[in-house]
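What follows is one structure encoded as structure tokens, with my remarks underneath.
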Amino acid sequence: MARLGMVIDLKRCIGCNACTLACKQENGTPEGVHYARVITREVGTYPKTRRTFLPVLCNHCDDAPCAQACPSGATWIRNDGLVMVEREKCIGCRACAVACPYMNRHFMEKGLLEHGYSTDGLSPYEAIKFAEFEEGTMTKCTLCGHRVDQGLEPACVITCPTDARIFGDLEPEDGKLQKLIRERKGWTLLPECNTKPSVFYLDD
Amino acid sequence: MAVAQSVPAESNWIPSTCGMCLHGCGIRVQVRDGVALKIEGDPTNPDNLGKLCPKGNAGLSRLYDSTRVLKPMKRTNPRKGPGIDPKWVEISWDEAYGTVARELGKVRADDPRKLLCAIGDFQRILLWGWPAVFGSPNFFTSLGNYCGGSYHPVNGSVDGSFAAINDYDRCNYWIQIGSGDGFSSHLHLSGSAKRMADARMRGMRVVTLDPRMSVAAAKADEWIPTLPGTDRAFVLGMAHVLIHELKQYDREFLRDRTNAPYLVKEDGYLLRDDEGRAMVWDMQLAAPQPWNAAAPADMALEGAYEFAGMRVRTGFQVWADQLRDHTPERMSEICTVSAETIRRIAREFVEAAQIGATVEIEGKTYPFRPAALNYYRGSQSHANGLFDNLTYKMFNMLVGNIDVPGGHLGVPLDHRGFFIHEGEDGVLKPEPHQLHPAPPFKYPPDSTHLMEWFPIGFDAGQLNTETLLEPERFGLNYSPEVMLMYHSNPLWNLPETDKVEKIMARMKFVVAIDIQRTESTEWADVFLPDHTYLESYLLNCLEPPAVTGHSLRQPVVEPVGDTKDAYEILTEIAERLGFRDDWNDLLNVVTGFTANPKYLLDPEKRYGVEELWDRYARSIYGDDKGLDWFKEHGHAVRYRTPEETYMPYGKLRIPFYFEFIKRLGDEMQQKFEQVGMKDWPLDNYQPLPFWKNSQVIEDGKAGYRFYAITFKESLHTFADTVVMPWLSEVSEKDAIHGGILVNPITAENLGIQTGSRIRLTSPAGSIEGQAQVVEGIHPEVFGVSNAITRHFVTNDRQKQRGSHFNRLLTGSMRYTDSATGGLESSARVRVEKI
């Protein structure tokens with residue numbers, strides 16, 4: 001059994017948002033919905049100041065609070081660890097969104113799929129992509145499960161200009177992910193939530 | 001339609017070339033049932049290695065943007081002005097062409113110079129000569145000049161390159177000044193970002209100078225905030241430290257590979273013998289010798305000498321003497337960086353440069369200088385831009401790092417490389433005018449941007465704002481009446497928008513070729529819609545660092561609307577105006593077909609866009625690599641070899657003492673005197689750079705207390721992508737694009753908080769906006785992200801924020817480098833809360 005995950009090297013990351021946009025076009029999400037995004041913050045005071053870039057996405061937690069909170073069984077975890085939502089079973093109660101401490105659950109509000117990014121209706125591209133969504137249900141990053149199933153890496157990974165995102169299996173102790181996590185003291189977001197994320201970060 | 005054959009019905013990946021910025025990374029596009037679904041970097045292209053920046057990832061949202069213009073249109077409201085609805089109606093191509101040919105034809109028959117052209121599609125640079133064939137020399141845009149007005153001429157003058165970048169693979173100490181290279185912008189961002197990240201991971205140190213916490217500053221080992229337009233003072237101070245304090249510089253390089261040892265007379269010209277050969281001081285003979293007669297070991301690099309009653313100094317000595325008073329203390333007062341920091345960075349740099357070291361690459365030994373200073377717009381797009389650029393190049397020369405492993409490398413415009421020709425005295429021939437030959441001096445001038453008065457330089461489009469409103473001052477004896485804009489937005493990109501509006505209001509007819517409506521196209525009478533890059537052909541190669549070779553842009557889908565390729569549009573207009581033969585002749589020159597007559601276009605024949613690029617491909621790569629080969633393979637891009645990268649000009653020297661600039665200045669002075677024009681500024685035609693105040697510094701004394709700068713980061717090109725909802729949705733969330741940036745100390749002094757409405761007023765104009773308080777900006781500087789500078793949007797999902805920075809800039813010669821025509825891209829401002 002595998003546990004798919006990602007290591008994000010913050011030393012390499014330049015906060016360019018290529019991941020944000022690659023995810024956008026791969027998944028064709030509607031306005032306001034970004035499975036991948038970059039949180040930019042300023043730290044320190046002038047002149048000893050920095051901008052920090054933190055790319056975030058669903059952590060595909062080993063102990064996923066969203067799955068525990070889901071009353072309908074719509075949220076399920078694949079054998080390889082990917083946290084998925086089955087649209088047909090989702091009742092739109094949003095319990096998962098409340099439970100997720102990372103705010104990586106996205107609710108398809110009513111009317112959201114009626115318009116695309118342009119002024120008039122849906123583009124041919126959006127018409128195809130939006131057919132995958134349903135208003136009133138929850139959607140989220142699948143770590144590009146549809147690509148992974150074809151032997152491809154997630155869209156955010158292949159496009160990353162600096163190779164800051166390393167995708168793979170977290171299980172093998174001698175695998176490239178675990179090696180990086182050990183050597184560079186990888187950490188996860190909000191460890192106090194005990195969610196056991198599958199996305200690790202390496203310090204800048 | 002020809003395009004249909006290349007677009008299969010089922011899902012397919014089609015190789016092509018990105019067109020979201022000017023550079024053109026390799027892409028592949030997934031298409032199913034005629035709909036483009038995904039753009040990825042082409043993993044087979046060594047340029048970007050399968051990666052794409054956010055703009056490249058947003059290409060589909062441009063293709064399918066419903067605010068694209070999909071049919072030719074004409075305005076039905078004769079009234080023109082900002083905010084006035086043109087009342088567009090769709091028309092047929094035939095009617096559109098008919099109107100354009102009639103209006104342009106009238107002017108061409110009268111005086112073709114009366115056409116003002118604004119062309120801004122850099123990838124289709126081969127089409128830029130169209131106005132010249134029409135008969136108009138005019139260039140009504142700041143494109144190119146805004147960033148590279150002085151940069152490109154100096155690169156061309158030093159080593160025949162167009163741009164430059166430090167050696168990602170081998171540099172260990174990288175000073176970055178006013179540039180996004182490797183972090184957020186410039187030369188092929190996605191591949192460069194990968195190379196920069198790899199270099200940093202192997203331990204390369206990055207020191208960034210910038211008034212603002214740019215990405216390059218955020219990721220650097222050290223950020224040094226400076227004042228806009230004063231970076232040169234920092235570097236001149238470091239040059240002083242190397243020459244006069246540490247006395248560490250690459251004597252061998254300067255002596256053997258530059259003209260630094262050539263003797264300079266008191267009048268600023270080189271000492272030459274009767275045969276015109278430049279002389280050096282032979283220390284054995286204690287006498288001058290021709291540069292190619294003295295043994296290198298005997299050649300003096302330093303010193304002043306007496307000869308035949310004359311005092312002569314080496315070129316190196318002249319600069320050293322000039323820098324004697326450019327102490328870190330004095331330079332510190334100008335740039336606000338401490339003298340201690342100037343000294344420390346100079347020391348770190350020269351130590352990291354490993355002067356004297358060599359490295360063997362593929363069996364050949366090269367000098368190894370793994371320290372280099374890289375720079376771009378922010379550091380040198382200023383009124384003394386020539387001095388800025390010369391300073392940065394010469395600082396690199398002091399450690400001998402030009403075009404050697406680890407150092408500062410020239411990047412050619414096109415893969416066929418540098419302009420390498422032997423010039424005078426064993427020195428590479430300077431190529432200060434790269435996009436077209438330098439036009440001969442003329443008075444009265446033909447061009448409204450006075451190109452005949454700039455033997456060095458790009459094209460100073462900003463001068464239109466002065467020349468067209470006060471033509472008598474410049475001897476201009478005609479007045480433009482019609483305008484052609486092609487992917488250009490002069491109402492956004494030129495300084496002094498009010499003046500630009502006045503000029504546009506005088507036009508009797510305006511035609512625009514573009515994809516979407518812009519500030520400027522709203523003044524057009526006829527709008528001719530172009531294909532996007534995903535619907536058109538082009539064989540592209542522009543400023544590729546590390547790699548060489550072309551990649552093909554090809555249609556991946558049927559055109560979304562009734563649009564046409566800009567080449568076809570310009571060719572049809574030429575045909576209707578009766579100069580298609582001359583157009584073909586010009587294309588023969590710019591494509592290089594004249595040197596390869598087998599591929600010459602027949603002036604009598606009309607060529608389709610596929611035929612043109614097929615010929616172009618075959619003329620470069622051979623008959624087995626025409627368009628069909630490129631359609632299948634996508635590109636012919638490969639890594640540059642060490643021989644192509646390092647010292648591609650072999651034993652030719654590069655200039656250190658820029659005698660030719662002084663000579664051109666003196667010649668210009670004579671020419672102006674002959675025509676009785678005495679007040680034209682020529683003071684920047686200097687052979688060596690030094691510190692002198694610019695008008696911007698003077699404005700500070702006149703009560704404009706603060707500086708204003710504009711900047712871009714990776715989400716956007718400067719103006720074009722700002723209206724794309726996929727991208728603006730993301731940039732709107734980042735504080736640096738949230739408003740006019742101000743340091744907290746300054747904000748407190750002025751009673752400003754984030755969200756306060758403020759007005760910035762420069763000598764040229766004022767802008768308003770919302771303040772955004774951030775730590776990452778110099779307390780004397782206000783920063784205006786490009787993302788908030790557009791003042792017209794067509795997509796009603798988009799905010800119109802309109803803090804149009806360029807209104808603060810001035811188009812006149814006082815704010816223009818007198819030698820290169822480079823514009824001043826920062827401004828002094830007064831700030832008030834409103």
Side-chain angles (χ1 to χ4, degrees), chain A residues 9-29 31-34 37-53 115-129 147 152-153 155-156 158-164 204, chain B residues 32 34-41 43 48 50-58 60-61 63-67 183-184 189-191 193-194 196-198 200-201 213 215 217-219 223 225 713-715 725-727 729-730 733-736 743-745 774-777 779 794-797:
Chain A
D9 188 341
L10 299 180
K11 188 170 169 73
R12 284 181 170 273
C13 175
I14 52 173
C16 73
N17 277 297
C19 47
T20 311
L21 272 301
C23 175
K24 172 64 61 182
Q25 59 156 337
E26 175 76 32
N27 294 295
T29 50
E31 200 173 354
V33 177
H34 291 99
R37 55 198 195 280
V38 179
I39 298 169
T40 303
R41 288 170 64 187
E42 213 175 31
V43 292
T45 52
Y46 181 89
K48 299 256 174 258
T49 178
R50 285 275 158 196
R51 271 162 81 201
T52 62
F53 308 109
H115 67 82
Y117 274 86
S118 285
T119 315
D120 310 322
L122 300 186
S123 71
Y125 160 86
E126 286 164 337
I128 292 169
K129 291 292 185 182
R147 291 177 60 93
L152 303 170
E153 295 192 312
C156 58
I158 61 154
T159 207
C160 178
T162 61
D163 276 340
D204 189 357
Chain B
R32 191 162 57 222
V35 179
L37 293 175
K38 180 84 194 285
I39 303 172
E40 293 182 354
N48 54 311
K51 299 160 187 321
L52 270 189
C53 80
K55 300 179 288 292
N57 269 300
L60 295 179
S61 73
L63 174 70
Y64 291 123
D65 193 322
S66 71
T67 67
F183 294 104
S184 58
L189 173 61
S190 41
K194 159 76 173 155
M196 174 61 83
D198 287 348
R200 289 173 47 245
M201 293 309 285
M213 173 64 71
V215 179
K219 301 303 291 187
W223 171 44
E713 288 196 348
S714 41
L715 276 164
W726 270 14
L727 292 169
E729 182 186 28
V730 179
K733 287 182 189 143
D734 189 338
I736 64 150
N743 184 289
I745 302 160
V774 294
E775 296 287 344
I777 192 159
T794 54
N795 191 322
D796 61 13
R797 298 206 174 284

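Side-chain atoms are counted along with the backbone in the values below, which use heavy atoms only and exclude waters and symmetry mates. Every chain is numbered from 1, with letters handed out A, B, ... down the list of sequences.
For Ala22(A) against Lys38(B), the heavy-atom pair with the smallest separation is O-CE, 4.1 Å. Residues Ile736(B) and Arg51(A) approach most closely at CD1-NH2, 3.4 Å, considering heavy atoms. The heavy-atom pair separating Leu52(B) from Pro161(A) by the smallest distance is O-CG, 3.7 Å. Pro47(A) and Pro225(B) get closest at one heavy-atom pair: CB-CG, 4.3 Å.
Rounding to the nearest 0.5 Å places CD1 of Ile128(A) at 6.5 Å from CZ of Arg32(B). How far CG of Asn57(B) is from CG of Asn17(A): 10.5 Å, rounded to the nearest 0.5 Å. Here the straight-line distance linking atom CG of Asp734(B) with atom CZ of Phe53(A) works out to 7.5 Å at 0.5 Å rounding. In this structure, the separation between NZ on Lys733(B) and CD1 on Ile39(A) is 11.0 Å, given to the nearest 0.5 Å. Atom CG of Leu60(B) sits about 8.5 Å away from atom OG of Ser123(A), to the nearest 0.5 Å. We find the CD-NZ distance between Glu729(B) and Lys24(A) to be 5.0 Å, quoted to the nearest 0.5 Å.
The residue among Gly191(B), Ala197(B), Ser66(B), Ala218(B) with the most heavy atom pairs within less than 4.5 Å of chain A is Ser66(B). Of the listed residues Arg37(A), Arg41(A), Arg50(A), the one with more heavy-atom pairs under 4.5 angstrom with chain B than any other is Arg50(A).
Contact of Val215(B) with chain A is made through backbone and side chain together, with heavy-atom distances under 4.5 Å. Residue contact with chain B, scored on non-hydrogen atoms closer than 4.5 Å, involves the backbone and the side chain of Thr49(A) alike. With a 4.5 angstrom heavy-atom cutoff, Thr45(A) touches chain B via backbone and side-chain atoms both. If you measure heavy-atom distances from Ala217(B) to chain A, the contacts under 4.5 Å come from the backbone alone. Interface remark: Leu122(A) contributes no atoms to any contact with chain B (heavy atom separation under 4.5 Å). The contact between Glu42(A) and chain B is made entirely by side chain atoms (from C-beta outward), counting heavy-atom distances below 4.5 Å. Only the backbone of Cys160(A) comes within less than 4.5 Å of a heavy atom of chain B; no side-chain atom from C-beta onward does. Heavy atoms closer than 4.5 Å to chain A are found in both the backbone and the side chain of Asp65(B).
Side chain of Glu775(B) to backbone of Tyr46(A): a donor-acceptor contact under 3.5 angstrom is found.
Using a 4.5 Å cut-off on side-chain heavy atoms (C-beta onward), Glu40(B) and Glu26(A) make contact. The shortest distance between side-chain heavy atoms of Asp163(A) and Lys51(B) falls below 4.5 Å. Annotation: side chain of Asp9(A) is in contact with side chain of Met201(B) (closest heavy-atom distance under 4.5 Å). Using a 4.5 Å heavy-atom threshold, the side chains of Thr162(A) and Lys219(B) count as separate. Between Asp198(B) and Arg12(A) the shortest side-chain heavy-atom distance falls below 4.5 Å.
Among residues two or more places apart in sequence or in another chain, the ring-ring contact (aromatic ring centres under 6.0 Å, His included) test is passed with Tyr125(A) by Trp726(B). Considering only residues two or more places apart in sequence or on other chains, Lys129(A) meets the salt bridge (charged side-chain N to carboxylate O under 4.0 Å, His left out) condition with none of them.
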